[in-house]
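Heads up, the thing below is written out as structure tokens.
Not measured: the values here are computed from a predicted model. The residues of the chain are indexed from 1 along the displayed sequence.
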Amino acid sequence: MKENIDTSTETGRLMLKMISAIRDFERENMLERQREGITIAKKQESTKDEKK
């Protein structure tokens, strides 16, 4: 992170918590999309196996 956040102030601590919460939210969304992609890929793979 490039921003200088002064964590000795209430505003600085709030900003740090907000940035952390957004990062956690984005990470959870990424992991959810990854799991969905894996599930879809497995379903497509099993469909290909059934056609053989």
Identify every side-chain donor-acceptor pair in residues 4-17 under 3.5 Å, counting partners at least two apart or on other chains, and give the distances.
residue : atom : partner : partner atom : Å
D6      : OD1  : S8      : N            : 3.1
D6      : OD1  : S8      : OG           : 2.6
D6      : OD2  : S8      : OG           : 3.2
T9      : OG1  : D6      : O            : 3.1
T9      : OG1  : G12     : N            : 3.0
E10     : OE2  : R13     : NH2          : 2.5
R13     : NH1  : T7      : O            : 2.9
R13     : NH1  : S8      : O            : 3.3

All pairs passing side-chain hydrogen bond (donor to acceptor under 3.5 Å, both in side chains) where residues 32-44 contributes a residue, at least two apart: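 Checked against side-chain hydrogen bond (donor to acceptor under 3.5 Å, both in side chains) - neighbours excluded - no pair reaches residues 32-44.
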Other cluster members, M30 - Ile/Leu/Val/Met/Phe/Trp/Tyr, side-chain contacts below 4.5 Å: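 Grouped by the 4.5 Å side-chain rule, L31 form the rest of the cluster around M30.
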